[in-house]
Amino acid sequence: MIKVALIGCGEMGRTHATCLARLPGVKLLACCDIDVSKAQELCHNFSVDRYCSDSGDIFRDPEVDAVYVLSRTDAHFADCLQTLQSGKHLFIEKPLALDLDQAQQIARAARRTDRLVMVGFKFRFYRLIERARRCVGKPYLAAVQILDDPWPADFWANQQDKGGGNVISQGVHGADLLRYLLQSEPTAVYAVGGNYHQKTGVVDNLNAVFRFANGSSGSLVVGDCGRAVLQGKFSCNLAGEAGTVDLDQRFTRLGIQLRDGTLRIENGEEDGFFLENQAFIEAIDKKLASPCAVENGVMAQAMIKAAIDSAQHDAVVEISRDLSGSVNLHSRTY
Ligand SMILES: NC(=O)c1ccc[n+]([C@@H]2O[C@H](COP(=O)([O-])OP(=O)(O)OC[C@H]3O[C@@H](n4cnc5c(N)ncnc54)[C@H](O)[C@@H]3O)[C@@H](O)[C@H]2O)c1
């Protein structure tokens, strides 16, 4: 039985606790939140008896095998490093950290342990996204759109020092999805965007085009200028040598048009949260490789930082990974 503790008992705490409750071979042992009433409430709802407000209690608990870091983004850095120091497996919600430097430090700490570290890029686990990816064969281009309604000014994720705003917070999902769909690494980006309306000063809307090592191109539109009525908050298009696919309505509807004459629409579910939890627990149990390695979190964060740098300096920003695994950005103004 794999024993798990959650740090952060808000929306993601509830979501992951619900997924874990459906899985065999795993027990939710303890919940932690700086607001202890939230930890208490989650424990009550899932019949768990250990709750606390000090994450140190989780790290010191010898019975805990794996920690889910589901706290506010500015708390991820310390919680992740301490989870790894305490010798426990780590599941971390996106983004890895508030900035690229902290994300790279988490990745370095992860490389030094033999513990399983997984980043919560749920879109990789949607059955419909996997199907879309397989349909098109060799990919040529992808367009991912994440457009939300305006985020409230008092929302923590919309503060520069707590969540970084929606382009950082949600953009990493889109950046990772581009890599996943195009099956390659980004080499450069040019982007336009900035702070259009948020009083908190965060970058709130961005349009970025990435060049990938396999010659494909990926564009990412991310912002909170308003949700697309027909497409919904999450949508994407992918073209490849076998045809084209498009997904809309939060990736629950897939259109397929292939060169062999196939033309159809398929429907699916938002099954990524459950399937990523299943993959994490199975990987610990069977000593498998991470189903979504920490390097994915670093690269997604680097892509968004590169795109913001590009927009702010009107520069093409080159993206590369060195032999140590660190991601480096290099601006080229013209
Ligand atoms: N994968 C996804 O689709 C997805 C969706 C939403 C949020 N997220 C990510 O999950 C994380 C949590 O988001 P949420 O929507 O659950 O936010 P939330 O505000 O609902 O919950 C966050 C909780 O963390 C607690 N907290 C803050 N600092 C803490 C600390 N130092 N130690 C312990 N608890 C602390 C808060 O009291 C709060 O209860 C964020 O990093 C966010 O980016 C991912």
Side-chain angles (χ1 to χ4, degrees), residues 11-12 15-16 18-20 22-23 91 93-95 118-149 166 169-184 186 210 212 214 216-222 227-283 288 290-293 296-297 299-300 303:
E11 189 191 331
M12 285 302 102
T15 301
H16 288 286
T18 304
C19 294
L20 290 166
R22 290 174 55 200
L23 285 170
F91 179 97
E93 260 304 346
K94 62 79 214 167
M118 175 170 173
V119 189
F121 284 134
K122 63 182 179 186
F123 294 141
R124 287 176 175 246
F125 296 86
Y126 277 46
R127 286 196 182 94
L128 226 49
I129 286 179
E130 188 54 29
R131 169 126 178 82
R133 196 168 167 259
R134 288 181 186 283
C135 276
V136 299
K138 181 173 177 262
Y140 297 157
L141 59 88
V144 170
Q145 181 169 292
I146 302 179
L147 284 182
D148 211 350
D149 287 328
N166 88 85
S169 194
Q170 304 198 121
V172 290
H173 261 320
D176 186 64
L177 185 55
L178 283 177
R179 283 180 68 229
Y180 190 62
L181 294 173
L182 294 170
Q183 302 171 46
S184 183
F210 294 89
F212 280 78
N214 63 359
S216 64
S217 72
S219 61
L220 174 64
V221 176
V222 55
R227 203 167 290 199
V229 176
L230 294 176
Q231 293 156 314
K233 178 173 161 181
F234 302 114
S235 61
C236 73
N237 295 63
L238 175 64
E241 65 183 0
T244 59
V245 294
D246 56 311
L247 286 138
D248 68 1
Q249 294 303 329
R250 303 181 63 91
F251 304 142
T252 62
R253 195 167 59 161
L254 170 67
I256 304 173
Q257 182 167 232
L258 303 182
R259 305 222 200 290
D260 66 8
T262 304
L263 177 63
R264 66 166 170 269
I265 293 173
E266 297 181 6
N267 295 297
E269 292 169 34
E270 293 190 53
D271 45 10
F273 275 126
F274 176 72
L275 293 173
E276 71 178 357
N277 274 277
Q278 187 177 50
F280 180 60
I281 298 302
E282 186 187 14
L288 306 174
S290 173
C292 185
N296 295 314
M299 186 52 91
M303 288 168 74

Only pairs under 3.5 Å count here: list side-chain donor-acceptor contacts from residues 229-238, not counting sequence neighbours, and write none if there are none.
residue, atom, partner, partner atom, Å
Gln231, OE1, Gln145, NE2, 3.1
Lys233, NZ, Asp148, OD2, 3.3
Lys233, NZ, Gln170, OE1, 2.8

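Contact annotation: the side chain of Arg124 never approaches that of Ile129 to less than 4.5 Å [non-hydrogen atoms, C-beta and beyond]. Residues Thr252 and Asn267 have side chains not in contact (no heavy-atom distance under 4.5 Å, counting atoms from C-beta outward). For the pair Arg179/Phe212, a side-chain contact is recorded, criterion being any heavy-atom separation below 4.5 Å from C-beta on. Proximity of Cys135 to Leu258: side-chain heavy atoms (C-beta onward) are separated by under 4.5 Å at one or more points. Taking the side chain as every heavy atom from C-beta outward, Lys122 and His173 approach each other to under 4.5 Å. When side chains are defined from C-beta on, Val222 does not count as touching Leu147, because their heavy atoms never get closer than 4.5 Å. Looking at Met303 and Asp176, their side chains never come closer than 4.5 Å, going by heavy atoms from C-beta outward. Taking the side chain as every heavy atom from C-beta outward, Glu276 and Cys292 never approach each other to under 4.5 Å.
Residues satisfying the side chain to side chain contact (heavy atoms under 4.5 Å, CB included) criterion with Asp149, sequence neighbours excluded, are Arg227. For the ring pair (Phe, Tyr, Trp, His ring centres under 6.0 Å) test, residues two or more places apart in sequence or in another chain that qualify with Tyr126 are Phe123. With sequence neighbours left out, Ala132 forms a side chain to side chain contact (heavy atoms under 4.5 Å, CB included) with Val245, Leu247, Leu254. Partners of Leu23 according to the side chain to side chain contact (heavy atoms under 4.5 Å, CB included) rule, which considers only residues two or more places apart in sequence or in another chain, are Leu20, Val26, Phe274, Asn277, Gln278, Ile281. Not counting sequence neighbours, the partners of Thr18 by the side chain to side chain contact (heavy atoms under 4.5 Å, CB included) test are Phe46.
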Practice task
Show your reasoning for whether side-chain contact (heavy atoms from CB on, under 4.5 Å) applies to Glu130 and Phe125.
Solution key: CA-CA 7 Å; Glu130 188 54 29; Phe125 296 86; over 6 Å; no
Handout entry: Full working for side-chain contact (heavy atoms from CB on, under 4.5 Å) between Glu93 and His16
Key = CA-CA 10 Å; Glu93 260 304 346; His16 288 286; 2.8 Å; yes
Practice task
Take Val136 and Glu241 through the test side-chain contact (heavy atoms from CB on, under 4.5 Å) and record every step on the way to the result.
Solution key: CA-CA 6 Å; Val136 299; Glu241 65 183 0; over 6 Å; no
Practice task
Test Phe251 against Leu128 for side-chain contact (heavy atoms from CB on, under 4.5 Å), laying out the working first.
Solution key: CA-CA 7 Å; Phe251 304 142; Leu128 226 49; 5.9 Å; no
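For the pair Arg133 and Tyr180, the cation-pi criterion (under 6.0 Å, within 45° of the ring axis) is fulfilled.
Closest approach of Leu182 and Ser217 over heavy atoms only: CD1-O, 3.5 Å. For the residue pair Ser216 and Pro139, the shortest heavy atom distance occurs at CB-O, 3.9 Å. In this structure, Ala175 and Leu220 approach most closely via the heavy-atom pair N-CD2, 4.1 Å. Nearest heavy-atom pair, Gly174 versus Ile146, reported as atom, atom and distance to 0.1 Å: N-CD1, 3.6 Å. Counting all heavy atoms, side chain and backbone alike, Gln183 lies closest to Asn214 at O-ND2, 4.0 Å. Closest non-hydrogen pair, Lys94 versus Ser169, comes out as NZ-O, 2.8 Å.
Atom CG of Leu275 is separated from atom CD of Glu282 by 11.0 Å, given to the nearest 0.5 angstrom. Rounding to the nearest 0.5 Å gives a distance of 6.0 Å between OH of Tyr140 and NZ of Lys138.
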